[in-house]
Amino acid sequence: MTDCLFCRIAERGIPAKILYEDELSLAFEDVNPQAPTHVLVIPRKHIPTALDIREEDKGLIGHLYIVASKIAREKGIAQPGFRLVMNCNRDAGQAVYHIHLHVLGGRRMHWPPG
Ligand code: AMP
Ligand code: ZN
């Protein structure tokens with residue numbers, strides 16, 4: 001059994017509010033939302049950080065963005081606007097070492113980010 005939290009969510013070993021899934025990816029509600037909409041989009045493939053993305057993952061990474069856009073449209077945040085974030089390593093605050101796109105919206109985002 002894997003000790004990766006997001007692999008376990010993908011395997012349905014840990015419950016999550018899954019909004020979308022397909023053979024390559026999953027989207028589920030963040031357990032500690034930082035905005036009215038806060039969804040995580042992950043690949044089923046275990047990739048620890050953005051630095052571990054390989055040539056062969058290019059299509060997969062593009063797919064994550066397409067899923068994120070679909071979620072944004074469904075949540076009604078596409079036109080007002082939303083933010084896609086992938087944190088990498090300590091200084092960015094990465095807590096789960098399985099890449100994920102944060103889809104954040106439903107409020108005005110700040111720039112520069114904190
Ligand atoms: P990051 O800090 O970029 O690695 O983001 C990790 C995110 O995972 C945080 O926003 C957490 O709130 C979220 N998270 C942690 N555990 C769970 C869980 N069991 N289900 C859903 N989201 C989670
Ligand atoms: Zn994993």
Side-chain angles (χ1 to χ4, degrees):
M1 158 114 40
T2 173
D3 59 3
C4 170
L5 177 63
F6 287 176
C7 282
R8 291 181 73 175
I9 286 177
E11 292 161 3
R12 303 290 191 122
I14 291 179
K17 287 188 194 158
I18 295 175
L19 304 176
Y20 175 84
E21 64 180 318
D22 59 28
E23 69 281 3
L24 295 175
S25 69
L26 264 90
F28 53 90
E29 303 274 4
D30 195 294
V31 79
N32 182 23
Q34 301 301 311
T37 294
H38 189 171
V39 175
L40 302 176
V41 181
I42 69 166
R44 288 189 185 276
K45 179 178 179 183
H46 180 82
I47 301 174
T49 78
L51 294 166
D52 301 303
I53 296 168
R54 302 286 171 239
E55 260 319 285
E56 73 227 35
D57 301 318
K58 283 195 297 197
L60 175 60
I61 301 306
H63 183 70
L64 300 184
Y65 279 82
I66 288 170
V67 172
S69 298
K70 174 183 162 58
I71 296 292
R73 286 195 195 92
E74 285 175 5
K75 289 282 193 180
I77 58 172
Q79 286 318 313
F82 60 102
R83 184 167 290 172
L84 299 178
V85 176
M86 184 180 287
N87 295 319
C88 184
N89 281 340
R90 184 198 60 201
D91 275 4
Q94 185 174 1
V96 178
Y97 281 77
H98 177 134
I99 59 166
H100 44 283
L101 267 183
H102 294 260
V103 183
L104 294 151
R107 67 168 169 82
R108 201 67 182 259
M109 297 291 151
H110 306 291
W111 196 264

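Just follow the structure's listing: the first ligand is 1, and inside any ligand the first atom is 1. Just so it is clear, the structure is predicted and the values come from calculations on it, not from any experiment. Numbers here are sequence positions counted from 1.
- Using the six-membered ring where Trp is involved, H100 and F6 have ring planes that are perpendicular, over 60° apart on the 30 and 60° scheme.
- Considering all non-hydrogen atoms of both residues, Y20 and S25 come closest at CE2-OG, 4.0 Å.
- Contact between I14 and ligand 1 is absent, with no heavy atom of the residue lying under 4.0 Å from the ligand.
- Taking a 4.0 Å cut-off on heavy atoms, Q34 fails to register as neighbouring ligand 1.
- Residue-to-ligand polar distances keep L40 apart from ligand 1: every N/O pair is separated by 3.5 Å or more.
- When hydrophobic clusters are built by joining Ile, Leu, Val, Met, Phe, Trp and Tyr residues whose side-chain heavy atoms come closer than 4.5 Å, directly or via intermediates, Y97 is not grouped with L5.
- H100 counts as a contact of ligand 1, since one of its heavy atoms falls under 4.0 Å from the ligand.
- Between E21 and R44 there is a salt bridge, since at least one side-chain N of the basic residue sits less than 4.0 Å from a carboxylate O of the acidic one.
- Numbered from 1 in the order shown, with element, the atoms of ligand 1 that lie under 4.0 Å from a heavy atom of F6 read 8 (O).
- Where the criterion is an N or O separation shorter than 3.5 Å, residue side chain and backbone included, V31 meets it with respect to ligand 1.
- Applying the 6.0 Å contact sphere to CZ of R107 captures more than 12 heavy atoms from other residues, nucleotides or ligands.
- Taking every heavy atom of E29 and a limit of under 4.0 angstrom, the matching atoms of ligand 1 come to 21 (C).
- At a 4.0 Å cut-off, at least one heavy atom of G93 sits close enough to ligand 1 to count as contact.
- The residue among D30, I9, N32 with a heavy atom at the shortest distance from atom 11 (C) of ligand 1 is D30.
- Using modelled atom types, no side-chain atom of H63 and backbone atom of G59 make a donor-acceptor pair closer than 3.5 Å.
- By the neighbour-count criterion of 12 heavy atoms within 6.0 Å, atom CD of Q79 is sparsely surrounded, having that number or fewer from other residues, nucleotides or ligands.
- To the nearest 10 degrees, the Zn ion (ligand 2) sees ND1 of H98 and SG of C4 at an angle of 100°.
- Put simply, no part of K17 is less than 4.0 Å from ligand 1, judged by heavy atoms.
- The atom of H46 nearest to the Zn ion (ligand 2) is ND1, with the search restricted to N, O or S atoms.
- Here's the thing with H38: none of its N/O atoms is less than 3.5 angstrom from an N/O atom of ligand 1.
- R83 places a side-chain N or O within donor-acceptor distance of the main-chain N or O of H110, the cut-off being under 3.5 Å.
- Of all protein heavy atoms, the one closest to atom 16 (N) of ligand 1 is L5 CD2, 3.3 Å.
- A single hydrophobic cluster is not seen to contain both I66 and L60; linkage of ILVMFWY side chains at heavy-atom distances under 4.5 Å, directly or through other members, places them apart.
- Here A95 has heavy atoms under 4.0 Å from ligand 1 in both its backbone and its side chain.
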**Study point:** Derivation and outcome, side-chain contact (heavy atoms from CB on, under 4.5 Å), residues V103 and I77
**Key:** CA-CA 10 Å; V103 183; I77 58 172; 4.2 Å; yes
